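Only one structure is covered here, and it is reproduced in the block below.
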Amino acid sequence: MSKQYDHQEIERRWQHLWREANIYQAKEEKDKPKAYVLDMFPYPSGEGLHVGHPKGYIATDVFSRMKRMQGHSVLHPMGWDAFGLPAENYAIKNKVHPRVAVEKNVARFKEQLEGIGFDYDWSREINTTDPEFYRWTQWIFLKLFERGLAYESHEPINWCPSCQTGLSNEDLDDGKCERCGSEVEQRPMRQWVLKITDYADRLLEDLSLLPKWQEHIKESQKNWIGRSEGAEIDFPILDGEEKVTVFTTRPDTLFGTTYMVLAPEHPLVQVLGRRIKNTAEVSAYLDKTRKKTEMERQENKEKTGCVLEGVFVVNPANEQALPVYIADYVLAHYGTGAIMAVPAHDERDYAFAQKFNLPIIPVIEPILTQTVEPGAYRADMPLQDGNSIIVAIKHWSDEKYLGLKWKKVAWGTLLTGSIDSGMTAEETLSKEIREETGFTHFNIVEDLGSVHSKFFHVPKQVNKFAHSRVFVVQLKDGTQEPVSAEEEAKHELHWLTLDEMQEFLTAASHRYLLSVLKGERLYVGAGLLARSGAFTGIDSEEAKRAITEKVAGRMAKTYRLKDWVFSRQRYWGEPIPVVHCPTCGVVPVPEEQLPVVLPEVEHYEPTGTGESPLAAIESWVNTVCPHCGVAAKRETNTMPQWAGSSWYYLRYADPKNMNDLVGRSSEAYWMGKQGVDLYVGGAEHATRHLIYARFWHKFLFDIGVVTTPEPFERLISVGLIMAEDGRKMSKRFGNVINPDDIVATYGADTLRVYEMFMGPFTDAIAWNTDNMIGSRRFLERVWRLQERLGTVNHESVERELHRTIKKVGGDILEFKFNTAISQMMIFLNLAEKEGIDNEQYARFVQLLAPFAPHMAAEIWHKLGNAKSVHVSEWPTCDEKKLVASVVTLGVQVDGKVRATIELAPDAPEAVARERAVSAVAKWLEGKEVARFLYVPSRIVSFVLKR
RNA sequence: GCCGGAGUGGCGUAAUGGUAGCCGCGCACGACUCAAAAUCGUGUCUCGUAAGGGGUGAGGGUUCAAGUCCCUCCUCCGGCACCA
């Protein structure tokens, strides 16, 4: 009789044995395929782990354990990301040195992780704050500097007044400091910046090399990089030497430019100083915008601005002089900080033009495509061009328009008609109104230009590209002549208000006209050019390049992504390895002098002066120039938290190498052709860590350190575990569940199985201790099965076991752990019912081993195996054994399942039909079968004649 | 506003276009027990006594057959957003 399942004893013992036997050590075995399985290494905070943290680690653990059993050489390492603000702020608050705090927190994290039974190779443990590690972080910086990719800048940057340091754009959350929530200020200061924008195109385009990344992560990165393609166009200043360059994505609308706007910070505003006549007004506006924070500018979208009196620019397309405004809806740090305003085709310019009473000149005639039936445009059919008119006929006294309801097709339209050759639009209009409506007294009150529409003309059965002149006509009175019978048969007439029209009109082009009738003169889509000189009539897409060339502009790209502000005015980070020499300027520290070790200090609180606390340590700051030998000062800024994590995964491949960041052969072995095989972590890193790491990796690729274009072949983000109350787990809410308590009470194996069984891995799901007990019960039943092992190998059990082998193996690869466990439960249910022999049990325990490694090790051992289950060979599935001798399938009559029958999986159709007919005889009685379908092992279906 | 993802029992969820609700939780009843817990068994979408009907966010469509494919719309989650 086996003992009761004592998880504490079993787990403690096996964790000890694993450590002793060193079974998880990663080895470069050339004859085996490698599997580099990586977790995003944790930031060891003072709070310790909660049950949400290990979820991703458990998943990689399950994955790596299976890979090992399947004969892979596995690298599954762990380490600590321990530089940066959180650790430093924690240290300041608790009045301990950051180094001491980090040591303590790491010890605590490691103890917690060890209790969960992970297969980490601790001999490869790394820590970003270890000088032997960060010498290479500094080395990468030197290489970046050498290539001109690290530079000093004095531009205004985000400054957090509470953390007292500059921050990168990536460190902001909604315009606030991501760490402490303080409103950030723009502050000019000396800083180090990395030229990530040089890599923007590759970072964007190489996303296509990552088919195994989740779509939403790639989308986030695309949005973050925010490339937009357009043109730069120069506008000379009237009677001046200067010119203003604008960036626009719509050079095709150049002829519609009616004014220009400069960002208030645009340098030209100062340059033009003397020529501006309304100086007082302008400086008042500049003052006002300067006081607004970035947040206020974003929140308050009401347009403000101020004209620069006496300053005009010349539109290079048509030589027209245009007024120049400054307005804060134009941002200094995007594009060129200046825009050509085309109010007819840009929402913001439109709003500004309305407010400041500026002209609106439409130069794009919309092309509208009918997408819904009836009359949806058929992309596969030839298009027939035609000229026509569309007329909105206004009632002589009511605020109503005439709608035509078509009789042969479900269309609601305004009055339309083709323009026959030799006729003008106006003549056609008169003719059509008389013929189709009978009204005789009317005036044309407005000419709304043209629209172009692609649709399928149902009555005529042709795919049309209609070019329509659009008019508004008002009837003088209701005088009406009779309409011909032929016309009468086509449609009926309805007087409708604009709101009723909204419901009534079915044609896309007519619905668009409704907004025009309501006074909206804004169109932002594509179309054909109008009022554009030689370009009139061509397609807007085509016109972009043509117009840009004509005015000697340049096709250009702009990015939302900014260069990476890389210096922090704080103590706890990697010192930036350069020296400031009075004669040589900025001199990099020679490689052989690395690492530049962070000195011990008494006071490491931030100074707030834009200098880091390092500046106060004279013995450290004062040095000699490596170049000329005169007295010089060290750089006192440190690197941001994200530095170490941008390359750490490479160090695991060769953590003890004293000569290189990573040795060539180790890099080649572990990174292989596609990099890290599997990378798992939080989705919150989509736009920071994962962009930075890809950037550094590409740089290291360029200088020959790594051989893969991308670092991570497959990326999966963990779904959060919420607290039982559905909120985020947080000390603040007092709803944190500590894994130590779960491990002590229910066992690490239960925690592991439950976290994998909760639901789909990438979904956010609330913790539920009741549900977890189901996982504990499952393990207890597996445990008790030891006592009930028989000698008979049942066919049904064997078949289910093979199914389970297949399902578990496949599901682990696809990260569908919940269904893998579900299948093991199904197998267990059957095994308990039918009975199971030793050998079947052993194979089942192997499948369980990645999920519940301690219990599996114990049972495997008790079954008499000397070698650990975790280095045993993964069971194989025999496809032939998956097939059952009979299958149950449903019998449908007219789509409804009326009975089920049992059949051999390969039963011939005649047999199936005979069996099915008798099963559903009741439903077939007196009916004739129109169609019979039989899909073996799936369905039998009768379709009755009616 | 643009882009991405998702809506299924009381709950977490499952379903290569082929018997919707597998597996688990909870609940009900039963067995064991003096009793309870634990364990085991049976049941558990919904209306209906039943036969049968309805049912996967809403409405349409394709199909012999739709949770799954297509169209329109609603709701929720995530990214970007005065980005020219």
Side-chain angles (χ1 to χ4, degrees), chain A residues 214-228 230-231 246-250 253 261 263 297-303 327-331 333-342 345-349 351-352 371-373 376 524 558-561 683-684 686-687 717 719-720 753-754 757-760 762-775 777-778 780-781 784 816 818-829 832 888-901 922 929-944:
Chain A
Q214 287 163 298
E215 209 47 51
H216 73 273
I217 304 277
K218 288 192 277 188
E219 273 307 313
S220 295
Q221 293 211 352
K222 274 184 203 160
N223 286 339
W224 192 265
I225 295 165
R227 180 165 88 183
S228 57
V246 303
F247 174 76
T248 177
T249 56
R250 294 296 302 269
T253 64
V261 187
R297 274 172 79 154
Q298 270 172 32
E299 269 167 20
N300 185 2
K301 302 209 170 160
E302 177 73 17
K303 297 283 176 293
D328 66 4
Y329 82 92
V330 173
L331 309 173
H333 56 260
Y334 186 80
T336 60
I339 62 155
M340 55 181 237
V342 186
H345 305 294
D346 181 277
E347 229 172 298
R348 297 143 301 181
D349 298 343
F352 190 85
T371 53
V372 294
E373 297 292 352
V524 298
T558 299
Y559 305 88
R560 205 203 72 105
L561 180 74
E684 70 274 18
T687 50
S717 51
L720 279 181
V753 169
Y754 173 57
F757 184 60
M758 289 176 90
T762 53
D763 285 10
I765 297 169
W767 178 270
N768 182 310
T769 301
D770 278 349
N771 282 352
M772 187 198 63
I773 286 169
S775 298
R777 285 208 281 250
F778 165 65
E780 284 175 0
R781 284 166 56 201
R784 283 198 302 269
K816 285 153 61 172
N818 54 332
T819 50
I821 292 170
S822 170
Q823 179 61 36
M824 288 194 282
M825 288 172 169
I826 291 169
F827 176 78
L828 177 67
N829 289 342
E832 283 177 335
T888 307
L889 57 173
V891 182
Q892 293 184 347
V893 180
D894 275 342
K896 287 196 160 73
V897 177
R898 295 302 186 184
T900 58
I901 54 174
K922 173 179 163 192
V929 175
R931 207 170 151 195
F932 172 76
L933 286 114
Y934 169 52
V935 184
S937 295
R938 291 265 179 261
I939 201 84
V940 182
S941 183
F942 294 94
V943 185
L944 300 179

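Keep in mind that the numbers below use all heavy atoms, side chains included, and drop hydrogens, waters and symmetry copies. As the structure is a computational prediction, the values presented were derived from the model and not from experiment.
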Search all heavy atoms of A:N768 against all heavy atoms of A:Y754 and return the closest pair with its distance.
-> N-OH, 3.1 Å
Using a cut-off of 4.0 Å on non-hydrogen atoms, how would the nucleic acid contact of [X] be classed: base, sugar-phosphate, or nothing?
X: A:T888; value: base
X: A:I339; value: base
X: A:N818; value: sugar-phosphate
X: A:N829; value: sugar-phosphate
X: A:L933; value: base
X: A:D770; value: sugar-phosphate
X: A:T900; value: base
X: A:R781; value: sugar-phosphate
X: A:S941; value: base
X: A:Y559; value: nothing

For the base of B:rC82, is there a side-chain donor-acceptor partner from A:K303 under 3.5 Å away?
->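 Answer yes: a donor N or O sits under 3.5 Å from an acceptor.
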Do A:Q221 and B:rG79 have a side chain to base donor-acceptor pair shorter than 3.5 Å?
->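 By the distance-only test, no, there is no pair.
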Per atom distances to the A:K896 side chain, the nearest of B:rG53, B:rA15, B:rG26 is B:rG53
Kindly point out which of B:rU19, B:rG4, B:rU13 is positioned nearest to the side chain of A:E215?
->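 The closest nucleotide is B:rG4.
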Taking the same atom, [atom1], in [N] and in [M], what whole-Å distance lies between them?
N: B:rA37; M: B:rG43; atom1: P; value: 22 Å
N: B:rG17; M: B:rU63; atom1: C1'; value: 9 Å
N: B:rG78; M: B:rC29; atom1: C1'; value: 45 Å
N: B:rC23; M: B:rG9; atom1: C1'; value: 14 Å
N: B:rA20; M: B:rC82; atom1: P; value: 50 Å
N: B:rG57; M: B:rU13; atom1: P; value: 14 Å

A:N818 side chain to A:M758 backbone, donor-acceptor under 3.5 Å |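 It does not hold such a pair.
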Taking A:R931 for the side chain and A:V943 for the main chain, is one N or O donor matched with an acceptor at less than 3.5 Å?
-> no
Using Watson-Crick or G-U wobble geometry with both distances below 3.5 Å, tell me the partner of B:rA37, or none.
-> none
Under 3.5 Å, is there a donor-acceptor pair between the A:R781 and A:N829 side chains?
-> yes
Going by distance alone, is a donor N or O of one side chain under 3.5 Å from an acceptor N or O of the other, for A:Q214 and A:S717?
-> yes
